[in-house]
Asker: 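What follows is a single structure, and I will ask about it in a moment.
A quick note: this is a predicted structure, and the numbers were derived from the prediction, not measured.
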Amino acid sequence: QVQLVESGGGLVQAGGSLRLSCAASGRTSSTYAMGWFRQAPGKEREFVAAISWSGGNTYYADSVKGRFTISRDNAKNTVYLQMNTLKPEDTAVYYCAARRPLSGSVYTTLSDYHYWGQGTQVTVSS
């Protein structure tokens with residue numbers, strides 16, 4: 001069992017930056033593949049970024065590529081999402097997710113993940 005707790009959300013002006021953190025607890029949580037998803041009001045939850053268990057592979061949604069960076073510190077059991085040049089359309093609740101990997105893969109769909117955090121609100125004002 002893995003527990004995930006997100007933090008770092010808040011209100012920021014367009015063009016600003018935020019760094020989200022996802023602290024994982026539980027046995028072998030540092031060996032899990034991780035992902036970030038987001039859900040805006042009235043919309044489906046969508047993929048944002050993913051990272052392999054080692055951190056060697058990453059993948060991004062086209063909408064955030066070049067602006068967001070996912071990383072992890074396995075010694076701290078924490079995954080980060082650095083968000084730069086934020087836009088109003090980035091406003092959403094951001095969720096981190098985890099799964100036991102089959103290899104060094106990254107995973108990009110909701111059904112790939114077994115564990116979810118409660119989410120943290122990010123609001124970008126124009």
Side-chain angles (χ1 to χ4, degrees):
Q1 192 75 7
V2 175
Q3 293 80 42
L4 305 173
V5 178
E6 303 97 334
S7 62
L11 173 64
V12 64
Q13 289 190 329
S17 298
L18 282 175
R19 188 176 81 156
L20 305 183
S21 299
C22 174
S25 60
R27 289 200 331 180
T28 68
S29 58
S30 63
T31 64
Y32 281 58
M34 304 290 292
W36 285 98
F37 291 76
R38 67 186 180 186
Q39 188 166 18
K43 294 191 175 181
E44 302 270 323
R45 192 172 299 190
E46 65 176 7
F47 168 76
V48 175
I51 190 165
S52 61
W53 72 269
S54 68
N57 293 317
T58 58
Y59 192 80
Y60 298 91
D62 287 343
S63 58
V64 307
K65 202 172 294 183
R67 300 188 299 122
F68 290 11
T69 302
I70 188 171
S71 63
R72 66 190 299 159
D73 183 340
N74 284 346
K76 296 182 178 179
N77 288 340
T78 301
V79 174
Y80 304 98
L81 186 68
Q82 178 67 43
M83 306 186 295
N84 298 329
T85 319
L86 282 160
K87 305 175 182 180
E89 50 265 42
D90 294 317
T91 295
V93 177
Y94 283 71
Y95 299 89
C96 73
R99 66 158 286 153
R100 292 288 297 271
L102 297 176
S103 61
S105 301
V106 293
Y107 301 87
T108 63
T109 63
L110 275 72
S111 59
D112 286 330
Y113 290 90
H114 306 142
Y115 305 102
W116 292 85
Q118 294 296 318
T120 185
Q121 176 70 47
V122 171
T123 303
V124 184
S125 63
S126 57

Asker: Does the side chain of Y115 reach to within under 4.5 Å of the side chain of R99, using non-hydrogen atoms?
Answerer: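 Answer no - side chains too far apart.
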
Asker: Find out whether L110 and W116 are in side-chain contact, i.e. whether some heavy atom of one side chain is under 4.5 Å from a heavy atom of the other.
Answerer: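 Of all side-chain heavy-atom pairs linking W116 with L110, at least one is under 4.5 Å.
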
Asker: Within the structure provided, determine whether Y32 and W53 are in side-chain contact (heavy-atom separation under 4.5 Å).
Answerer: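 Contact flag for Y32/W53 side chains = no.
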
Asker: Out of the candidates V12, L11, V93, only one should pair with T123 under the side chain to side chain contact (heavy atoms under 4.5 Å, CB included) rule; please name it.
Answerer: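 Among the candidates, only L11 passes.
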
Asker: Same cluster or not: V79 versus V2, using hydrophobic residues (I, L, V, M, F, W, Y) connected whenever any side-chain heavy atoms lie under 4.5 Å apart?
Answerer: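 V79 and V2: one cluster.
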
Asker: When clusters are formed by joining ILVMFWY residues with side-chain heavy atoms under 4.5 Å apart, either directly or through shared neighbours, do L81 and V64 land in the same one?
Answerer: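 Yes, L81 and V64 fall within the same hydrophobic cluster.
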
Asker: Transitively linked via ILVMFWY side-chain contacts under 4.5 Å: L102 with V106?
Answerer: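 Yes; tracing contacts between hydrophobic side chains, which count when under 4.5 Å, links both residues.
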
Asker: Under 4.0 Å between a Lys/Arg side-chain N and an Asp/Glu carboxylate O for K65 and D62?
Answerer: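 A salt bridge is present here (some side-chain N lies under 4.0 Å from a carboxylate O).
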
Asker: Are M83 and W36 connected in a single hydrophobic cluster, I mean Ile/Leu/Val/Met/Phe/Trp/Tyr linked by side-chain heavy atoms less than 4.5 Å apart?
Answerer: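 The answer is yes; both residues are in one hydrophobic cluster.
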
Asker: Measuring from S126:OG to Q13:CD, what's the distance to the nearest 0.5 Å?
Answerer: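 Between atom OG of S126 and atom CD of Q13 there are 9.5 Å.
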
Asker: Identify the two heavy atoms, one from M34 and one from A98, that lie closest to each other, and give their separation to 0.1 Å.
Answerer: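 Taking M34 first and A98 second, the nearest heavy atoms are SD-CB, 3.4 Å.
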
Asker: Please report the interatomic distance CG(D90) to OG(S63), rounded to the nearest 0.5 Å.
Answerer: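 Here the rounded value is 7.5 Å.
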
Asker: Might you point out which heavy atoms bring Y60 and T58 nearest each other, and give the distance in Å?
Answerer: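 Shortest heavy-atom contact: CE1-OG1, 3.8 Å.
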
Asker: Within the structure provided, determine whether L20 and E6 are in side-chain contact (heavy-atom separation under 4.5 Å).
Answerer: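 A side-chain contact is absent here, since even the closest heavy-atom pair is not under 4.5 Å.
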
Asker: For residues S21 and T78, report the shortest heavy-atom separation together with the two atoms involved.
Answerer: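 That closest heavy-atom pairing would be CB-CG2, 4.2 Å.
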
Asker: Do you know the tightest heavy-atom contact between A33 and P101?
Answerer: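 Scanning both residues, the minimum pair turns out to be N-CD, 3.9 Å.
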
Asker: Can you measure from CZ (R67) to OG1 (T69) and round to the nearest 0.5 angstrom?
Answerer: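 Nearest 0.5 Å value for the CZ-OG1 distance: 11.0 Å.
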
Asker: Within the 4.5 Å heavy-atom criterion, are F68 and L86 side-chain neighbours or not?
Answerer: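 They are in contact (side-chain heavy atoms under 4.5 Å apart), so the answer is yes.
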
Asker: The criterion is side chain to side chain donor-acceptor pair (under 3.5 Å); which residues satisfy it with N84, sequence neighbours excluded?
Answerer: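 Here the qualifying residues are S17, Q82.
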
Asker: Relative to the ring of Y113, is the ring of Y107 parallel (under 30°), tilted (30 to 60°) or perpendicular (over 60°)?
Answerer: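 Judged by the thresholds at 30° and 60°, the geometry between Y107 and Y113 is perpendicular.
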
Asker: If you look only at pairs with a residue in residues 54-126, which of them pass as a disulfide bond (SG atoms under 2.5 Å apart), with sequence neighbours excluded?
Answerer: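 Of all non-adjacent pairs touching residues 54-126, those that pass disulfide bond (SG atoms under 2.5 Å apart) are C22-C96.
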
Asker: Among the clusters formed by ILVMFWY side chains lying less than 4.5 Å apart, do L4 and F47 turn up in the same one?
Answerer: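 No, L4 and F47 fall in different hydrophobic clusters.
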
Asker: Kindly say whether V124 contributes a backbone atom to a donor-acceptor pair with the side chain of T91 at under 3.5 angstrom?
Answerer: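 Yes; judged by distance alone, with no hydrogens or angles, the pair exists.
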
Asker: Above 12 or not: heavy atoms from other molecules or residues under 6.0 Å from CD of Q121?
Answerer: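 Yes, enclosed.
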
Asker: Could you name each residue pair satisfying salt bridge (charged side-chain N to carboxylate O under 4.0 Å, His left out) that touches residues 42-58, not counting sequence neighbours?
Answerer: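 Matches after skipping sequence neighbours: R38-E46.
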
